[in-house]
Amino acid sequence: MFQKGSRYEKTDRFAPSADGTTVFAGIRPRAIGPATGVVEHVVKAGDRLDLLARHYYNDDRLWWRIVDANPDFLYGGDMVLEEMEGMVILIPKAKE
């Protein structure tokens, strides 16, 4: 269902109920694995998660690794808020 290497690749589905009916056809929330920060990045105007992922990993699809290492992020769009400028965020390795 998910592409190989997707962050949802190993995510469990909801189990059927005791009578075999489907409770919910979706997937459970993925377990967030280790994302140890190895680089500190000072946020500046114009920073976006996808641009940082491209800069540090050469792959803008890995933006979620940065979110995993910074649990204070509730929403990726918070990066563009003016109050984020000057904050230090952690950049983890692309894989652990």
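Heavy-atom basis, side chains included; hydrogens, waters and symmetry copies ignored. It should be emphasised that the depicted structure is a prediction, and the values quoted were computed from it without experimental measurement.
Note that the OH atom of Tyr8 and the CD atom of Gln3 stand 13.5 Å from one another [nearest 0.5 Å]. Between the CZ atom in Arg48 and the CG atom in Asp60 there is a gap of 9.0 Å [rounded to 0.5 Å]. Considering CZ of Phe2 and CZ of Arg7, their distance stands at 9.5 Å, rounded to 0.5 Å. Within the model, atoms CZ of Arg65 and CG of Leu49 stand 13.5 Å from one another, a figure rounded to the nearest 0.5 Å. Taking CG from Asp59 and CG from Asp50, the interatomic distance works out to 11.0 Å, rounded to the nearest 0.5 Å.
The shortest non-hydrogen separation linking Glu96 to Thr36 is OE2-N, 2.5 Å. Of all heavy-atom pairs between Glu85 and Ala45, the closest is OE2-CB, 3.4 Å. The heavy-atom pair separating Asp47 from Met79 by the smallest distance is CB-CE, 3.7 Å. Taking both residues in full, the closest heavy atoms of Ile66 and Ala53 are given as CD1-N, 3.8 Å, listed atom of the first, atom of the second, then distance. In terms of heavy-atom proximity, Leu90 sits nearest to Pro92 at O-CD, 3.7 Å.
Leu81 is connected to Val67 through a chain of hydrophobic side-chain contacts under 4.5 Å among Ile, Leu, Val, Met, Phe, Trp and Tyr, so both are in one cluster. In the hydrophobic clustering of this structure, Val80 does not group with Trp64; members are Ile, Leu, Val, Met, Phe, Trp, Tyr whose side-chain heavy atoms approach within less than 4.5 Å, directly or through other members.
For Arg54, the CZ atom is loosely surrounded, since the number of other residues' heavy atoms within 6.0 Å does not exceed 12.
In this structure, the side chains of Glu9 and Lys4 come closer than 4.5 Å at one or more pairs of heavy atoms. By the 4.5 Å heavy-atom criterion applied to side chains, Thr22 and Pro16 are not counted as neighbours. A heavy-atom distance below 4.5 Å is found between the side chains of Leu52 and Ile89. With contacts defined as side-chain heavy-atom distances shorter than 4.5 Å, the pair Ile91/Tyr57 qualifies. With contacts defined as side-chain heavy-atom distances shorter than 4.5 Å, the pair His41/Tyr56 qualifies.
In this pair, Phe24 and Phe14 present their aromatic rings perpendicular. The plane angle is above 60°, beyond the 30 to 60° band.
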